[in-house]
Amino acid sequence: TLRASGYTKGELIRHYMATPVAVTIFTALVGNILGYTVFKNIVVSMYFNSYSLPKYETYWYYEAFVKTTVVPVILMILINFVTVAYMLRLSPLKFIRRDLKTSRRKKAMRLPRFKFLARFRLRVLLQNIPNYIVLFVGIYFVVFLMTFAFGLPTTLKNYQAHATDDMFAKYQYVLKSNEDEDGNEINTKTPDAERFSMATLYTTDGKRVGEPISIYGLDADSNYIPLNGKVSGNEALISSAYADKFGLKEGDTVTLKARYTDDEYTFKIVGNYECISGLALYTSLDGFNEVFENPEGSFNGYLSNEEIKDIDPDYIAMTITEDDILKVSNQLNHSMGNYMNYFKVI
């Protein structure tokens, strides 16, 4: 009607572009103001929950302004201009008839002789396949985000509930040395304490090169991990998590290497140990010393279900308890919890 009344295409383009461009510029300004005030505080609080950061000072950053404000405004102007200008190629008569298609109508696909309603529904479905594809992609993306947002907290809670089930002792003491300053062996009178050795090696091949694997050397008749005389020399039991992740089974051999040297160590898998929370191999203490060429009788820690109080703390490098096992998952839940709520809203 406006074109028939004498308005030019340029005037109509400016008219139809005015509202979306004005709204875009207004929301860009509001977004910047809120981004540097209200929402900034929300993000900062989430960062301080995750990291020990020092005090900060807020700066206006030109690159962020260009990417989040200037580029979207330019895109909005270009897309609206191209779309409106393209549509105004149509004649005023087509607009009055609401026939807004620039291409000729394609010949309808011939359908089987179904009932009328069945053919009608099928034709509507075929004509809207592009729309359904877009709808499918959108719903898939939304469901993916929702699954992640609801699944991660539940996964962490499940891990926290079962992580301590795989602890073979309530206390793991890793010593700096198995001898004191006078050269005497460090011993304890704690009844259920057992000597053990622990080392970390790394995978050398496959898709997961460089993944850390814990190696434990234990008493042959250990009460914490029942070796039952199954292992000797370089033979080892494998944790179920390690076996499942790398597709390993009894009879296989694995070669692992030290982190900072070229030394490689080969172990033969002779059994499975049910442990879902750690990638580990379990050998005899004698076999551990043999593989790593340690002196006979060497060890570097104690396993115990009771707290060991008769070893000087200066000789203890690390103590692993239930709290230490859960520390990472607790921190992840604490820091990521707000992000998961954010994803749910989005």
Same apolar cluster (I L V M F W Y, side chains within < 4.5 Å links), [X]/[Y]:
X      : Y      : result
Ile238 : Ile215 : yes
Ile186 : Met318 : no
Leu237 : Leu248 : no
Val23  : Ile13  : no
Val44  : Val38  : yes

Main-chain N/O of [Y] paired to [X] side chain as donor or acceptor, under 3.5 Å:
X      : Y      : answer
Asn234 : Val291 : no
Thr204 : Thr255 : yes
Thr200 : Ser214 : no
Thr190 : Asp192 : no
Ser45  : Ile42  : yes
Asp312 : Asp314 : yes
Asp310 : Lys189 : yes
Ser239 : Gly278 : yes
Gln127 : Val124 : no
Asn289 : Ser298 : yes

So how far is it from [X] [atom1] to [Y] [atom2], rounded to the nearest 0.5 Å?
X      : Y      : atom1 : atom2 : value
Leu175 : Thr319 : CG    : OG1   : 9.0 Å
Ile269 : Lys249 : CD1   : NZ    : 9.0 Å
Met198 : Tyr173 : CE    : OH    : 14.0 Å
Asn131 : Ile133 : CG    : CD1   : 9.0 Å
Phe114 : Arg119 : CZ    : CZ    : 9.5 Å
Leu122 : Leu117 : CG    : CG    : 12.5 Å

> Got a salt bridge between Lys230 and Glu250, using NZ or NE/NH1/NH2 to carboxylate O under 4.0 Å?
Replying inline: no

How about [X] and [Y]: do any of their side-chain heavy atoms sit closer than 4.5 Å?
X      : Y      : answer
Arg195 : Asn187 : yes
Met340 : Phe148 : yes
Ile316 : Val174 : no
Phe81  : Val21  : no
Val71  : Val66  : yes
Leu303 : Leu218 : yes

Atom [atom1] of [X]: over 12 foreign heavy atoms under 6.0 Å:
X      : atom1 : result
Lys170 : NZ    : no
Phe120 : CZ    : no
Phe343 : CZ    : no
Phe136 : CZ    : no
Tyr132 : OH    : yes
Lys268 : NZ    : no
Tyr265 : OH    : yes
Phe39  : CZ    : no

> When you look at Thr58 and Tyr36, which way does the side chain to side chain contact (heavy atoms under 4.5 Å, CB included) test go after all the steps?
Replying inline: CA-CA 8 Å; Thr58 304; Tyr36 281 94; 3.8 Å; yes

What are the two closest non-hydrogen atoms of [X] and [Y], and how far apart are they?
X      : Y      : value
Phe246 : Glu211 : CZ-OE1, 3.9 Å
Thr24  : Pro72  : CG2-O, 4.5 Å
Ile33  : Thr37  : O-OG1, 2.7 Å
Asn305 : Ala169 : OD1-CA, 3.6 Å
Ala28  : Val73  : CB-CG2, 4.4 Å
Thr203 : Leu256 : CA-CD2, 3.9 Å

> What pairs meet the side chain to side chain donor-acceptor pair (under 3.5 Å) rule with one or both residues in residues 7-18, with sequence neighbours excluded?
Replying inline: Thr8-Glu11

> Quick one: side chain to side chain donor-acceptor pair (under 3.5 Å) pairs with a partner in residues 62-72, sequence neighbours left out?
Replying inline: Asn32-Thr69, Tyr61-Glu63, Glu63-Lys67

>> Below 30° counts as parallel, above 60° as perpendicular, anything between as tilted: where do the rings of Tyr302 and Phe299 land?
In response: perpendicular

>> As a quick check of understanding, evaluate side-chain hydrogen bond (donor to acceptor under 3.5 Å, both in side chains) for Glu194 and Ser222, giving each step before the final call.
In response: CA-CA 7 Å; Glu194 284 186 9; Ser222 172; 2.8 Å; yes

>> Under the criterion side chain to side chain contact (heavy atoms under 4.5 Å, CB included), I'd like the reasoning laid out for Ile213 against Phe267: C-alpha separation, chi angles, the key distance, then a yes or no.
In response: CA-CA 12 Å; Ile213 307 297; Phe267 298 89; over 6 Å; no

Who passes salt bridge (charged side-chain N to carboxylate O under 4.0 Å, His left out) against [X], sequence neighbours left out?
X      : result
Glu264 : none
Glu322 : none
Asp180 : none

If you look only at distance, which donor and acceptor atoms sit under 3.5 Å apart when one is on a side chain in residues 279-288 and the other is two or more places apart or in another chain?
| residue | atom | partner | partner atom | Å |
| --- | --- | --- | --- | --- |
| Thr283 | OG1 | Tyr216 | O | 3.1 |
| Ser284 | OG | Gly287 | N | 2.9 |

>> Would Lys40 and Tyr56 count as a side chain to side chain contact (heavy atoms under 4.5 Å, CB included) here? Give the steps.
In response: CA-CA 12 Å; Lys40 178 202 70 174; Tyr56 69 93; 3.8 Å; yes

